[in-house]
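The first residue in the sequence is number 1, and the count goes up from there. All values below were derived from every heavy atom in this structure, side-chain atoms included, with hydrogens, water molecules and symmetry-related copies excluded. What you see is a predicted model; the values in this text were computed from it and never measured.
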Amino acid sequence: MLGRRDVGHRIVVRRIVGNQSGRTLFSDALGELVDLTETHLTLATANGPLRVPLREVHRAKRVPPARRPNAAAVVELELASDEAWPAPVRERLGDWLLRTADGWSGRANTALPVGDPDRPLDEAIDAVQRWYAERGRPAMVNVPLPLAAPVGAALDERGWSARPLVLVQTAPLATILDAVPARPDLPAPELAGTPSPEWFALAAQRKAKQRRQYARLDAAGTGPPGGSGHSPAPGAPAELPAAARHILTAVRQVRFAHLYATPPAGHATPPAGHAGDGPELIAVARGTVTGQHRWLGLSLIEVVPSARRQGLAQHLIRALAEWAAGLGATRAFLQVEERNEAAVSLYRRLGFSTHHTYQTRVAPH
């Protein structure tokens with residue numbers, strides 16, 4: 001039978017789906033095991049997540065990965081991602097990275113266990129907990145799967161909880177440009193080296209919403225007190241602290257995409273940060289080129305509610321892909337929660353597929 005050591009690996013499950021004329025009926029499911037409890041297992045399949053009661057499982061086993069990248073490729077992409085989202089405070093534990101950013105964002109406040117920590121695993125985890133405790137932060141570890149599955153198994157034994165699975169997805173820039181046609185009917189996005197105050201305001205709103213979601217998870221016992229930072233009450237003004245501004249801007253090759261539109265007559269509800277005069281900022285995105293100029297990193301893609309379902313996110317992605325290609329980049333990556341089915345579906349249409357996954361693990365409190 002499966003165990004926690006199999007989380008993050010590809011498995012096949014034969015489940016009992018009924019009985020006909022005294023004959024048991026079975027159905028097979030193939031995918032990545034993303035959760036395993038005492039009562040259920042959850043698979044990430046090609047058709048979305050599948051939750052199966054263990055009482056219905058007839059047989060389950062691990063199977064070889066489908067074109068899974070080798071360890072070196074996962075490490076390369078994880079380091080390119082770290083370069084694209086740089087925490088202001090960082091130290092090394094052997095090859096491992098220890099990062100903190102005053103609690104803003106999950107990734108920038110976690111340890112990244114890739115490579116050799118230069119000590120036994122249990123001692124490395126102890127060192128991680130001490131490092132975060134000394135800085136008044138909850139200890140969290142981003143565990144790339146299945147590369148760091150032994151780390152995940154060790155954290156299981158210590159009672160660390162797991163946040164929702166994140167898909168690290170990639171696509172060739174050429175595929176994105178083929179999938180997203182140019183839109184001469186839309187204003188050209190402005191790609192600035194410095195974000196405008198309005199851009200910051202939209203980004204702050206997005207992250208505040210995410211922190212409130214994690215606060216609810218934390219209240220249920222799946223994370224540290226207070227989530228990945230202070231969570232403002234719904235409706236409260238969202239602001240970006242200095243650590244957040246460092247993460248967003250301290251990258252050599254970075255562009256902040258702004259898409260403006262002139263509001264219709266009588267429009268009385270400007271978006272966050274808009275003074276009410278002139279064109280409104282209706283969509284934003286951030287792009288970085290890291291990993292020796294190979295990778296375009298996409299993040300903070302946000303469209304105001306009143307302007308959604310018009311292809312604006314794709315419009316911004318195309319503009320950033322063209323910019324990155326001009327710098328010599330050949331591939332793009334992004335990170336999206338597996339449970340965000342709408343976003344996963346959009347990125348699939350643009351040519352993205354899952355390179356590997358990770359889970360943020362949180363020390364018990």
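Leu248 contributes atom CG, which lies 7.0 Å from atom OG of Ser299 (distance to the nearest 0.5 angstrom). Here the CD1-CG distance, from Ile125 to Leu93, works out to 10.5 Å after rounding to the nearest 0.5 Å. Here the CZ-CG distance, from Arg15 to Leu54, works out to 11.5 Å after rounding to the nearest 0.5 Å. A distance of 12.5 Å separates CG of Leu334 from NE2 of His355, quoted to the nearest 0.5 Å. Rounded to the nearest 0.5 angstrom, Leu112 CG and Leu79 CG are separated by 6.5 Å. The OH atom of Tyr347 sits 10.5 Å away from the CD1 atom of Ile176 when rounded to the nearest 0.5 Å.
The closest side-chain donor-acceptor pair between Glu76 and Trp295 falls under 3.5 angstrom. Side-chain polar atoms of His356 and Glu78 form a donor-acceptor pair below 3.5 angstrom. For the residue pair Gln335 / Ser81, a side-chain donor-acceptor distance below 3.5 Å is found, with atom types taken as modelled. Defined by atom type and a distance below 3.5 Å, a donor-acceptor pair is present between the side-chain atoms of Trp85 and Ser105. Using modelled atom types, one finds no donor on one side chain facing an acceptor on the other under 3.5 Å when comparing Gln314 with Arg349.
Across all their heavy atoms, His246 and Pro86 have their closest contact at CD2-O, 3.3 Å. When every heavy atom of Leu43 is checked against every heavy atom of Ala29, the shortest pair comes out as CD1-CB, 3.8 Å. Heavy-atom minimum distance, Ile247 versus Pro88: CG1-CD, 4.2 Å. Ile301 approaches Ala285 most closely through the heavy-atom pair CG1-CB, 3.9 Å. Heavy-atom minimum distance, Trp160 versus Ala139: CZ3-O, 3.7 Å. What you find for Ala332 and Phe352 is that their closest heavy atoms are O-CE2, 3.9 Å.
No donor-acceptor pair under 3.5 Å is formed between the side chain of Arg183 and the backbone N or O of Leu186. A distance-only check finds a donor-acceptor pair linking the side chain of Tyr132 to the backbone of Thr110 [under 3.5 Å]. A distance-only check finds a donor-acceptor pair linking the side chain of Thr249 to the backbone of Arg245 [under 3.5 Å]. With Asp95 contributing its side chain and Gly115 its backbone, the two residues share no donor-acceptor pair below 3.5 Å. Glu83 places a side-chain N or O within donor-acceptor distance of the main-chain N or O of Gly291, the cut-off being under 3.5 Å. The main-chain N or O of Trp104 is found under 3.5 Å from a side-chain atom of Asn109 such that the two form a donor-acceptor pair. Judged purely by atom type and a 3.5 angstrom limit, His315 uses its side chain to pair as donor or acceptor with the backbone of Pro187.
The number of heavy-atom neighbours closer than 6.0 Å to NE2 of His293, taken from other residues, nucleotides and ligands shown, is 12 or below.
Between Thr194 and Trp199, every side-chain heavy-atom pair lies at or beyond the 4.5 Å cut-off. A 4.5 Å side-chain heavy-atom check between Val344 and Glu338 finds every atom pair outside the cut-off. The closest side-chain heavy-atom distance from Arg348 to Ser353 is not below 4.5 Å. Two residues are said to be in side-chain contact when any heavy atoms from C-beta on lie closer than 4.5 Å; Thr330 and Pro172 fail this criterion. Side chains of Lys61 and Val13 form no contact here, defined as non-hydrogen atoms less than 4.5 Å apart. Residues Asp102 and Pro241 fail the side-chain proximity criterion, which asks for heavy atoms closer than 4.5 Å. Looking only at side-chain heavy atoms (C-beta outward), Thr360 and Val166 stay at 4.5 Å or farther from each other. Inter-residue side-chain proximity for Val284 and Leu300 is flagged as unmet; no heavy-atom pair is nearer than 4.5 Å.
One hydrophobic cluster, built from ILVMFWY side chains closer than 4.5 Å, holds both Val57 and Leu36. One hydrophobic cluster holds both Leu320 and Val336 under the rule that ILVMFWY side chains link at heavy-atom gaps under 4.5 Å. Hydrophobic clustering, with ILVMFWY side chains joined whenever heavy atoms are under 4.5 angstrom apart, groups Leu327 together with Leu173. In the hydrophobic cluster analysis, where Ile, Leu, Val, Met, Phe, Trp and Tyr join through side-chain heavy atoms closer than 4.5 angstrom, Ile16 is grouped apart from Leu2. Cluster annotation: Phe333 and Val74 are assigned to distinct hydrophobic clusters (Ile/Leu/Val/Met/Phe/Trp/Tyr, side-chain heavy-atom contacts under 4.5 Å, transitive).
The pair Glu337-Arg163 fails the salt-bridge criterion, with no side-chain N (NZ, NE, NH1 or NH2) lying under 4.0 Å from an Asp/Glu carboxylate O. Using a 4.0 Å cut-off between charged nitrogen and carboxylate oxygen, Asp82 and Arg99 count as a salt-bridge pair. A salt bridge links Glu91 with Arg135: at least one charged nitrogen is closer than 4.0 Å to a carboxylate oxygen. Taking 4.0 Å as the cut-off between side-chain N and carboxylate O, Glu322 and Arg318 count as a salt-bridged pair. Here Arg59 does not pair with Asp28 in a salt bridge; the nearest charged N to carboxylate O distance is not below 4.0 Å. At a threshold of 4.0 Å, the pair Arg286-Glu302 does not count as salt-bridged, since none of the basic side-chain nitrogens sits closer than that to a carboxylate oxygen.
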Exercise. Would Thr170 and Arg331 count as a side-chain hydrogen bond (donor to acceptor under 3.5 Å, both in side chains) if you check the C-alpha gap in whole Å, the side-chain angles of each, and the deciding distance to 0.1 Å?
Worked result: CA-CA 7 Å; Thr170 64; Arg331 298 186 66 83; 3.2 Å; yes
Problem set entry | Derivation and outcome, side-chain contact (heavy atoms from CB on, under 4.5 Å), residues Leu97 and Arg92 | CA-CA 5 Å; Leu97 288 173; Arg92 285 197 171 272; 3.6 Å; yes
Exercise. Stepwise, does the salt bridge (charged side-chain N to carboxylate O under 4.0 Å, His left out) test hold for Asp126 with Arg119?
Worked result: CA-CA 11 Å; Asp126 289 340; Arg119 64 206 69 199; over 6 Å; no
Problem set entry | From CA spacing to verdict: side-chain contact (heavy atoms from CB on, under 4.5 Å), Asp122, Arg158 | CA-CA 10 Å; Asp122 282 340; Arg158 291 170 174 245; 3.7 Å; yes
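Exactly one residue among Leu165, Leu147, Val143 makes a side chain to side chain contact (heavy atoms under 4.5 Å, CB included) with Thr357. That residue is Leu165. Applying side chain to side chain contact (heavy atoms under 4.5 Å, CB included) to Gln253 and the options Thr290, Thr288, Val289 leaves one that passes, Val289.
Aromatic pair His58/Phe26: centroids less than 6.0 angstrom apart.
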